[in-house]
Amino acid sequence: MTAARELPQQLINYREQHDSARMSHKRLLQTHSSVYQWIEYGLYLIAGVAPLLAHITFGSEYYLHSTYRYLAVVTCLLMIIVYPTFGIGRRSLRGFAGLRRLFNAWGAVLLLLAAVGFATKSSDDVSRLIMIFWAISGFCLQGLVAVALARYKLHAHRVASEACNSVIVGSGDIVYQLASRMAGNIWLDEKLVAVCDFSNSQRAYDLPTDVRSIFNHDDLISLIDKKEVKRVYIALSMKETPQLLEQYNALKEKMVDIIWVPDIYEFELLNHCVREMAGLPLITLNETPHYSGARNFVKNAFDRVSAAILIALLSPVFLILAFLVKRSSEGPVIFKQERDGWDGSTFKVWKFRSMFVHQPETVVKQACKDDPRITRIGNFLRKSSLDELPQLFNVLFGTMSLVGPRPHAISHNDFYGDKIKQYMARGRVKPGMTGLAQIRGYRGETADISEMEDRVRCDLEYINRWSILLDIKILLLTPFRLASKKAY
């Protein structure tokens, strides 16, 4: 009987097994936490608060000791919440990439502490000098912990008595992408010994000489029977997923670990991740990145606190520009226009008026060079982007963010929505006053559709890469990049 004819019965068997597992309340996705992982978390916690503990023990400001004790406790709680979201404890922090991830996690904790101090009005109770010393020394100590742990893991891997031999089974590019990553990863406690490509196609990937290529199921079974293989990865494209059950049934009686590697990269992903719900595995393919949980708190607190501070500092500039706009021509000082917000909402974006008052157009025309609608002061405001300053109030009221995709006119969204792939995905996050596209020079008029495509590509990259440190980097670079391309 062919595999196609056996598939219905296999599905029935699988359903029966699934029902049996559900009746016994067996979790489909187990949490593989280890004692080592918790020890690692403990070492980072100790390294993070050690400078504060030292100050409490040896410092002379006794009246502040209780404040620092509370600070140490809150820091530990925040590290327990924040560090797992950055992969700390789950992945080896090796090289500069690992230290950068640790730096991002520690920076997020410090920003959350600053937000808590601002909200509780307790920031005046601590010494600024001590906080700076603690921030630097805490990271340095955690960096030493990360280096020591990385060296220990490498040593443990090298002295292991026997590595687990593995085989990758499947077809398509995903097989060779996984193989190239496994073969070059010294941190894995296993060794790739063969690749079984059932498509029998020649790929352009170079594999190490000690990795064999096999092209039929009999050779795979032979390797397993000789006890040369302990783990099998099944890597198939999504269109070949029905073959997964066939491969699983053919191997489940063998004494090997079986791991499925779904090729989700065939999709156009947006902030993808893997999680679980009540023991059920969930693969998120498309998700709004930072509007839930701790990430939402960090993003929202950073935006609103920064906006309030900037409004206070720039209030003289607001008054001067408002006076110049009022003197330039008749009409309101502030121009309000409806724009698409995030997740399908709309809002009124605020700007200093830079054009003469005119009848609104059905299709909003982008400003261009020597545009007769623009006033003299408006020309200066637009080129310097000072006309965008009132959007700080949009940020303060929560309709915009300091950093994010720039809000386009609704008519522009209607025009580009069906012409540029994933254009509307920009609306999955709050629009921003500046963004990754702007610091890369994609600002102002988009005379050609390819320029808008470049802008959208940058916006999607920002959504996928978002972190609070990326926001800070974009904000710091924005003033220096305003002159990279003129806005009209």
Side-chain angles (χ1 to χ4, degrees), residues 96-97 99-100 103-104 107-108 110-111 114 132 135-136 290 298-299 301-318 320-321 324-325 349-352 354 366-369 371 374 376-396 400-408 426 429-448 450-488:
F96 289 106
L99 291 178
R100 183 171 63 250
F103 179 81
N104 292 344
L110 295 179
L111 286 172
I132 294 173
I136 297 173
H290 48 69
V298 172
K299 176 77 169 175
F302 176 76
D303 282 340
R304 298 200 180 199
V305 171
S306 300
I309 294 173
L310 288 172
I311 289 172
L313 294 176
L314 297 175
S315 55
V317 178
F318 275 91
I320 294 172
L321 294 180
L324 294 176
V325 170
V349 67
W350 290 13
K351 294 184 177 184
F352 281 122
S354 58
Q366 286 187 329
C368 57
K369 187 175 182 179
D371 196 316
I374 300 177
R376 179 179 297 180
I377 184 62
N379 187 51
F380 165 74
L381 292 176
R382 296 177 74 94
K383 287 184 177 180
S384 61
S385 293
L386 291 175
D387 62 323
E388 313 283 356
L389 283 182
Q391 290 168 28
L392 287 171
F393 289 96
N394 286 115
V395 177
L396 185 63
M400 285 183 65
S401 176
L402 288 176
V403 181
R406 287 291 300 151
H408 295 165
R426 301 170 71 254
V429 298
K430 287 183 182 179
M433 293 183 63
T434 184
L436 191 62
Q438 281 63 49
I439 67 169
R440 289 181 177 175
Y442 302 115
R443 61 185 294 263
E445 182 185 14
T446 52
D448 188 85
S450 63
E451 295 180 350
M452 183 62 76
E453 289 174 341
D454 290 334
R455 182 183 294 183
V456 171
R457 175 177 50 79
C458 292
D459 290 338
L460 296 180
E461 180 183 342
Y462 167 78
I463 294 174
N464 279 311
R465 288 179 50 199
W466 177 83
S467 70
I468 197 66
L469 291 182
L470 179 60
D471 277 6
I472 295 174
K473 176 183 176 181
I474 291 173
L475 289 172
L476 293 176
L477 289 176
T478 293
F480 301 100
R481 302 295 170 83
L482 290 178
S484 62
K485 181 179 178 181
K486 291 184 179 180
Y488 302 109

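Keep in mind that this is a model prediction, so the values were computed, not measured. Computed over heavy atoms, backbone and side chain alike; hydrogens, waters and symmetry mates excluded.
Of the inter-residue distances, the one linking Glu388 atom CD with Gln438 atom CD reads 9.0 Å to the nearest 0.5 angstrom. Atom OG of Ser354 is separated from atom CG of Leu386 by 11.5 Å, given to the nearest 0.5 angstrom. Rounded to the nearest 0.5 angstrom, Arg455 CZ and Arg406 CZ are separated by 8.5 Å. With values rounded to the nearest 0.5 angstrom, Gln391 atom CD is found 10.5 Å from Leu402 atom CG. To the nearest 0.5 Å, atoms NZ (Lys299) and CZ (Arg304) are separated by 12.5 Å. Here CG of Asp387 is found 9.5 Å from CG of Leu321. Values are rounded to the nearest 0.5 Å.
Looking at every heavy atom in both residues, Pro407 comes nearest to Pro431 through CB-CB, 3.7 Å. Between Leu392 and Ala307, the closest heavy-atom pair is O-CB, 3.6 Å. For Trp466 against Leu470, the heavy-atom pair with the smallest separation is CA-CD2, 4.2 Å. When all heavy atoms are compared, the tightest approach of Ile474 to Leu436 is CD1-N, 3.8 Å. Looking at every heavy atom in both residues, Val403 comes nearest to Gly435 through CG1-CA, 4.2 Å. Nearest heavy atom pair, residue Lys351 against residue Pro390, reads C-CG, 3.8 Å.
Between Ser401 and the options Thr434, Asp303, Asp471, Asn394, a side chain to side chain donor-acceptor pair (under 3.5 Å) holds for only Asp303.
Residues satisfying the side chain to side chain contact (heavy atoms under 4.5 Å, CB included) test with Leu477, not counting sequence neighbours, are Ile439, Lys473, Arg481.
Between Phe352 and Phe318, the angle of the ring planes lies from 30° to 60°, which puts this pair in the tilted group.
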Next on the checklist: Working note: Leu381 + Val325, criterion side chain to side chain contact (heavy atoms under 4.5 Å, CB included); need CA distance, chi angles, decisive distance, verdict.
Outcome noted: CA-CA 9 Å; Leu381 292 176; Val325 170; 3.7 Å; yes

